[in-house]
Amino acid sequence: MTEVTASIIKCDVGGWPGHSTTHPDLEETAREQLADASNAGAIEDFHVTHVGDDLNLIMLHREGADAEAVHSLAYDVFEEATEVAKELGLYGAGQDLLSDAFSGNVRGMGPGVAEMSFTKRTSEPILAFLMDKTEPGAFNLPIYKMFADPFSTAGLVIDPNLHQGFRFEVWDIQEHERVFLETPEDSYKLLALIGAKERFVIKRVYPKEAHKLPSDEPVVAVSTEKLVDVAGEYVGKDDPVALVRAQSGLPAVGEVLEPFSFPHLVSGWMRGSHNGPIMPVGVEDADCTRFDGPPRVVGLGFNVHNELELTGPVDHFDDPAFDNAREKANEVTDYMRQHGPFEPHRLPLEEMEYTTLPGILESLEGQWHSVDAEASEVDAETVTVGEVE
Ligand code: F6R
Ligand code: MG
Ligand code: MG
């Protein structure tokens, strides 16, 4: 039995141009450094890629989750890539490296992390999902469908190994609390929470006690870092990543991919302030364009090989089977864009409060006057806009 840890650590270290995509030199820098680390035995294997302006390090190692050695390696890679970004004059170089004092763990520093340790099965299919221009709650709907919706995952109905359901770890990212809910019995409570995706996010999914896999080893891990908390002010959406294990008592690869055939609405997009559809794309098309989007998701599949090698990736959304989802995402993009600055295309006030709204309200200070009581005594002829007395 081999204990293995899969980690995705991601960071926006500079966009090319603006916030659209990642310059290939940044990926090359990361590849060189991770190859050195792999040769030195610090990690077992890795894959470097991007979605939009986010540089993604997918690593396989034996150090466990939250390991200082692996996190400091990722931090060094991002620092080095930031230097390259500065040389190339890329936009927002080092934007997510919010603190330059590394203290053992990148959590809470800016980069996003999805990590899980597990006992590797003979053949271990694992998928990495990488999103740009959205927030961690964007994973709620597809993860729920994969592990709890029998209309999406046939195995929940057909395969006795999935019948007992799964255990969901949900984080309240405002109150910094978590709760565990089990499906199918807690499905409605779970949906009541995770439907509010800006606040309640699925952090991990576990097999239940009755499952043939160990109940303390996650089968899903999602990054939940909240940049707005880390930075104290808005510096961009979190652009989340997730790892999902598949097959043999878990949803099949095709059941893991199925929810992405529906380009559901997520928040983020232009200026982190708009709702729009998430478009599944191959890495070739993982560049944000229209209105800094639309938000994108890339899905890469690997098998973890006996010697702890990542065999892959297969670029799952680079496939005609997702053409309809892309077409629908384009139609929904047209429809949503026509709302311009109006909700529900623009995010509701509550979420705008975390972005630029407070500044706008401040600029209007002193221009507001009561519309109660005295309003009826107002002589309409003396009223000019912004001066009701
Ligand atoms: C969204 C995002 C972009 C920027 C936009 C303005 O997550 O990163 O949509 O918000 O391009 O960027 P600045 O303020 O850097 O000009
Ligand atoms: Mg950016
Ligand atoms: Mg980004």
Side-chain angles (χ1 to χ4, degrees), residues 8-24 26-27 30 48-58 74 78 81-82 84-86 88-98 106 109-114 128-139 197-198 222-231 233-242 265-281 283 285-298 333 336-337 340-341 345-347 351-360:
I8 311 178
I9 306 188
K10 52 125 303 218
C11 192
D12 176 349
V13 295
W16 177 50
H19 296 273
S20 33
T21 191
T22 307
H23 194 284
L26 304 187
E27 290 189 45
V48 172
T49 190
H50 78 280
V51 56
D53 55 6
D54 293 306
L55 180 60
N56 286 269
L57 316 179
I58 302 170
F78 295 138
T82 298
V84 177
K86 283 181 182 159
L88 289 165
L90 300 186
Y91 190 69
Q95 105 164 19
D96 285 357
L97 285 184
L98 301 167
V106 294
M109 294 183 72
V113 188
F129 291 100
L130 319 166
M131 291 182 174
D132 189 36
K133 302 293 183 273
T134 186
E135 60 182 3
F139 275 112
K197 60 184 173 37
E198 75 290 350
V222 181
S223 65
T224 48
E225 284 62 35
K226 197 99 179 104
L227 284 182
V228 71
D229 280 0
V230 177
E233 63 180 72
Y234 181 77
V235 289
K237 281 277 171 193
D238 315 18
D239 301 337
V241 289
L265 292 175
V266 300
S267 57
W269 206 351
M270 175 56 78
R271 299 179 185 276
S273 304
H274 294 83
N275 285 309
I278 188 135
M279 182 186 273
V281 290
V283 177
D285 294 317
D287 302 338
C288 291
T289 55
R290 184 172 177 190
F291 204 52
D292 279 1
R296 315 261 161 154
V297 57
V298 161
T333 293
M336 295 300 280
R337 281 300 301 127
H345 179 30
R346 202 186 68 182
L347 295 189
E351 286 199 60
M352 293 292 291
E353 277 167 16
Y354 293 108
T355 61
T356 47
L357 187 72
I360 292 167

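Indexing begins at 1, ligand by ligand and atom by atom, following the structure's order. Just so you know, these numbers come straight off a predicted model, no measurement behind them.
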*Which of the numbered atoms in ligand 1 are below 4.0 angstrom from a heavy atom of D292?*
3 (C), 4 (C), 5 (C), 9 (O), 11 (O)
*Are K133 and D53 close enough for a salt bridge, meaning some N to O gap below 4.0 Å?*
yes
*Is the distance from the Mg ion (ligand 2) to some N, O or S atom of D239 under 2.8 Å?*
no
*Which ligand 1 atoms are under 4.0 Å away from a heavy-atom of W269?*
1 (C), 7 (O), 9 (O)
*Where's the contact between R271 and ligand 1, heavy-atom distance under 4.0 Å: side chain, backbone, both or neither?*
both
*Could you please compute the angle at the Mg ion (ligand 3) from OD2 of D54 to OD1 of D53, rounded to 10°?*
100°
*asked:* the Mg ion (ligand 2) and D12: any N/O/S contact shorter than 2.8 Å?
replied: yes
_pair V298-T49: side-chain heavy atoms closer than 4.5 Å_ = no
*Can you list the atoms of ligand 1 that are under 4.0 Å from a heavy atom of M270?*
9 (O)
*Establish, yes or no, whether a centroid distance under 6.0 Å links the rings of H274 and W269.*
no
*Output yes when the distance from some N or O of ligand 1 to some N or O of Y91 is under 3.5 Å, and no in every other case.*
yes
_I'd like to check which ligand 1 atoms, numbered from 1 as shown, lie under 4.0 Å from a non-hydrogen atom of G272._
1 (C)
